[in-house]
Asks: 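Got a structure for you, questions after.
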Amino acid sequence: MNTTSRRTLLGFELTPRTTAAILIAAAILVLGLYASIVRFFVGLGASTNLTDQAPWGLWIGFDVMSGVALAAGGFVIAGTVHIFHLKRYEPLLRPAILTAFLGYLLVIVGLLFDLGQPWRIWHALIYWNIHSVLFEVAWCVMLYSMVLALEFAPVVFERLRFERPRRILRTVTIPLIILGITLSTMHQSSLGSMFLIFPEKLGALWYTPILPLLFFVSAVMVGLAMVTVESLLSARLMGREAHMDLLDSVARATAVALVLYFVLKLADVTLRGAWSTLLPLRGDRVAWLAELSLTVVLPALLLASRRVRASWSGLLLSQGLVVLGVVANRMNLAVLGLVSAAGGSYFPGWMEFAVTLALLTAGVVGFALAAKHLPVFEGHEEPGLT
Amino acid sequence: MSYGLLIDTTRCVGCRGCQVACKQWNGLPGEATHFQAARTNPPDLTANTWSLVSFREVAVSDSRVAWRFVKRQCMHCEEPACASVCPVAALRKTAEGPVIYDSKRCIGCRYCMTACPFGIPKYQWDSATPLIAKCTMCADRLAAGEQPACAKACITGALKFGERDALLAEGRKRIIARPDRYVDHIFGEHEVGGTAMLYLYDVAFAGLGFPVDLPLYPLPQQTWMVMSKVPVIAGSMAAIMSLAYFFTRRQRGLDAEKARRASGQAAVVAPADPALQADGPADKEASA
């Protein structure tokens, strides 16, 4: 490459645009590093705005709770392709698995930041409490991260031409994927079950015995939305054509999931007779209404339109709303709902934002590097195959 | 044998002897305090203040307000939410009554803090190796046959230590003896399934500063309803996915065959066809 006098960094050609992106990423990572040092050497009090009245904040609500949901595309697309044999979605599979794998890694790193005793994260292996939803979530996340590593490993083996391990892995692909779907079903829904211990804290609009079901359905819809957003953005950044035909079908599936979620929510509030608790309008009730109208109904309507589904920006906007909505939902429950019940107030400090942004940046950089150096996008698109 | 405290707020004079005794026995450092409108000091329980006398100004009639002093500390629930949510079983309800904390297990997830209906577990936010902190009902003193430090220090008889059943009987006796004085309710008898700390009072409950409208069932039962079904849900999902795999694979094979027939090609492969090797390169070559 140097012979053409073009300068590169880790395989990326240094144009003014990529240089600017790299500098911005580096700046975020430096801020994140500073915040990390404060976090781990001084403590949570010095690095966050968390208090006894707000024990959970941005890192739990966004990095962990939302992170797990946003990474749901991995099990959804894996199931679509390998279990339901809808092979035409295969081009979406490897990027989805990669996104999920990186997503879970970031969830675990985010959790290490938030845990007061992160070096004891493995304690759930030896100290059991089968009554704890979080115990189950911990096991599922740990096992599913391993499953994702194995699901992504063939891509690495392909690049390194490790034929034997690749063939061995292929023999267990299907059991592995069924295990991944099972583990995902368990912990995606269990993240909702975690809120069942708060009947007296969350309002009647939010607190329902079907929280696990709502969490599972919303994980499926946001998984599909994230796969779309990631496909659209990576295609644009890498100068490829996005698979608009596939994304059109994914958008229809998202719309179906949104409608299902909407119906579940309406039926649930109606059957429990909780509509009366909508008034008088307060912060958390406005948030509930906004979440349902702007991030469930609106994207469902948008995605029902063929014109929106056919346009890059239309798809990005409507699926982006879905992503935003699920993040808002997790934050509303895990942070806003609990903090206001405890009579506290909380807004993340700059170091909390710095760590979260640094983790996101690390995820994007990781994705870009993997896409550059591993057969993530071209892998299965050998000519002549449908 | 499960112990607890009967806390008769009508007998408390707000001397805070219990608060100091708690600090002394547990070796907890003092906190910088300051003047403020509410006289409770420090204003809330913290990682260094496990027991606190809350000063409440309450309406005792239409025209009169009066002080009531409400000691606050861990309620030592009969079925504690904190212990049920802890992923590493660091919190545990003992047979003697105290809900105790094994700091060596704690990973610092703070789920106990959010789950507690009384907002009791507090965190050492200023430490780089923080732990949860809360009242232990002096489990160490109980083991030595002593009563909790706070109860021992109480000079007015507002705190009475004993077996929970006996304390409930004593509480009811006091209410019956002075129905003009007490509200006919022992706070903690049924709330969230019952607590080891039992309160008697003589003013409107809302004035005491406790959460109102607490459920009368134990909170952990809400999660157990779902947790107990997890194995069934997981098993069903695995079974459904396995069936879906075999069904769609067969379907796909039949479709491929139909397509071949329709396009006039002879079915070169037997019905148990290439799709059976789904996911392999052979499959791709065949369908290409």
Side-chain angles (χ1 to χ4, degrees), chain A residues 40-46 50-53 55-56 79 82-87 114-118 120-121 123-124 127-138 170 173-174 177-179 181-183 185-186 189-190 193-194 196-201 209 212 338 342 382 384-386, chain B residues 44-47 81 83-90 105-111 113-115 117 119 122-132 192 211 213-215 219-220 222-227 230 233-235 237-238 241-242 244-245 248-249 251-252 275 278-280 284 287-288:
Chain A
F40 287 108
F41 290 94
V42 190
L44 284 164
L50 297 174
T51 62
D52 282 333
Q53 283 71 42
W56 286 351
H82 284 297
I83 302 304
F84 291 95
H85 290 98
L86 299 170
K87 297 286 172 184
D114 189 81
L115 289 181
Q117 306 270 350
R120 296 179 180 170
I121 192 169
H123 272 195
Y127 300 122
W128 285 33
N129 179 11
I130 59 158
H131 288 263
S132 167
V133 184
L134 193 52
F135 169 75
E136 183 221 331
V137 170
R170 178 174 289 144
T173 301
I174 299 304
I177 282 169
I178 292 177
L179 177 64
I181 293 172
T182 306
L183 290 170
T185 309
M186 288 167 73
S189 60
S190 286
S193 308
M194 279 186 69
L196 293 178
I197 201 75
F198 309 126
E200 82 294 3
K201 296 196 177 82
L338 293 180
E382 289 138 34
L385 294 181
T386 45
Chain B
D44 206 346
L45 293 169
T46 69
S84 95
V85 299
C86 179
V88 291
R105 288 187 174 206
C106 180
I107 60 173
C109 69
R110 310 188 293 285
Y111 198 179
M113 300 179 71
T114 56
K122 302 296 179 190
Y123 211 50
Q124 297 171 334
W125 296 104
D126 295 331
S127 167
T129 56
L131 295 169
I132 291 289
V192 292
D213 297 331
L214 281 175
L219 301 183
Q222 297 295 97
T223 30
W224 187 243
M225 283 195 297
V226 178
M227 279 300 286
V230 163
I233 295 167
M237 197 62 181
M241 286 299 123
S242 307
Y245 172 75
T248 56
R249 184 174 70 163
Q251 194 61 41
R252 190 167 163 265
D279 321 309
K284 284 178 180 165
S287 59

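Remember, predicted model here, so these are calculated numbers, not experimental data. Heavy atoms only: backbone and side chains are in, while hydrogens, waters and symmetry mates are out. We name chains A, B, ... by the order of the sequence lines, and we start the count at 1 in each one.
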Asks: Is there side-chain contact between B:Arg110 and A:Asp52, with heavy atoms separated by less than 4.5 Å?
Replies: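 No, too far: nothing below the 4.5 Å cut-off.
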Asks: How close do B:Cys109 and A:Leu134 get, counting heavy atoms only, and between which atoms?
Replies: SG-CD2, 3.7 Å
Asks: Given heavy-atom pairs under 4.5 angstrom as the criterion, report whether the side chain, backbone, both or neither of B:Ser127 touches chain A.
Replies: backbone
Asks: Please classify the contact between B:Ala83 and chain A as side chain, backbone, both or neither, with a heavy-atom cut-off of under 4.5 Å.
Replies: backbone
Asks: Not counting sequence neighbours, which residues clear ring pair (Phe, Tyr, Trp, His ring centres under 6.0 Å) with A:Phe84? List them please.
Replies: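 With sequence neighbours excluded, A:Phe84 shows a ring pair (Phe, Tyr, Trp, His ring centres under 6.0 Å) to no residue whatsoever.
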Asks: Which heavy-atom pair separates B:Met227 from A:His131 by the least distance, and what is that distance?
Replies: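 Taking every non-hydrogen atom into account, CG-O, 4.1 Å.
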Asks: Measure distances from A:Ile130 to the heavy atoms of chain B and classify the residue's part below 4.5 Å as side chain, backbone, both or neither.
Replies: both
Asks: Would you check if B:Val230 and A:Met186 make a side-chain contact, meaning some heavy-atom pair closer than 4.5 Å?
Replies: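 B:Val230 vs A:Met186: side chains touch.
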Asks: With a 4.5 Å limit on heavy-atom distance, are the side chains of B:Asp213 and A:Glu200 in contact?
Replies: no
Asks: Does A:Gln117 reach the main-chain N or O of B:Leu131 with its side chain, forming a donor-acceptor pair under 3.5 Å?
Replies: no
Asks: Heavy atoms, side chains only, cut-off 4.5 Å: are B:Val226 and A:Leu196 in contact?
Replies: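 B:Val226 vs A:Leu196: side chains touch.
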Asks: Do A:Thr182 side-chain atoms and B:Gly235 backbone N/O form a donor-acceptor pair below 3.5 Å?
Replies: no
Asks: Taking side-chain contact (heavy atoms from CB on, under 4.5 Å) as the definition, give me every residue that meets it alongside A:Pro209, ordered by chain and number, with sequence neighbours left out.
Replies: A:Arg272
Asks: If you count heavy-atom pairs under 4.5 Å between each of A:Pro199, A:Ala342, A:Gly79 and chain B, which one has the most?
Replies: A:Pro199
Asks: Run the ring-centre check on A:His85 versus B:Tyr245 and record whether the distance is less than 6.0 Å.
Replies: yes
Asks: Hey, does the side chain of A:His123 reach the backbone of B:Val88 with a donor-acceptor pair shorter than 3.5 angstrom?
Replies: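 No; zero donor-acceptor contacts below 3.5 Å.
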Asks: What part of A:Pro55 is in contact with chain B, defined as an atom under 4.5 angstrom from a non-hydrogen atom: side chain, backbone, both or neither?
Replies: both
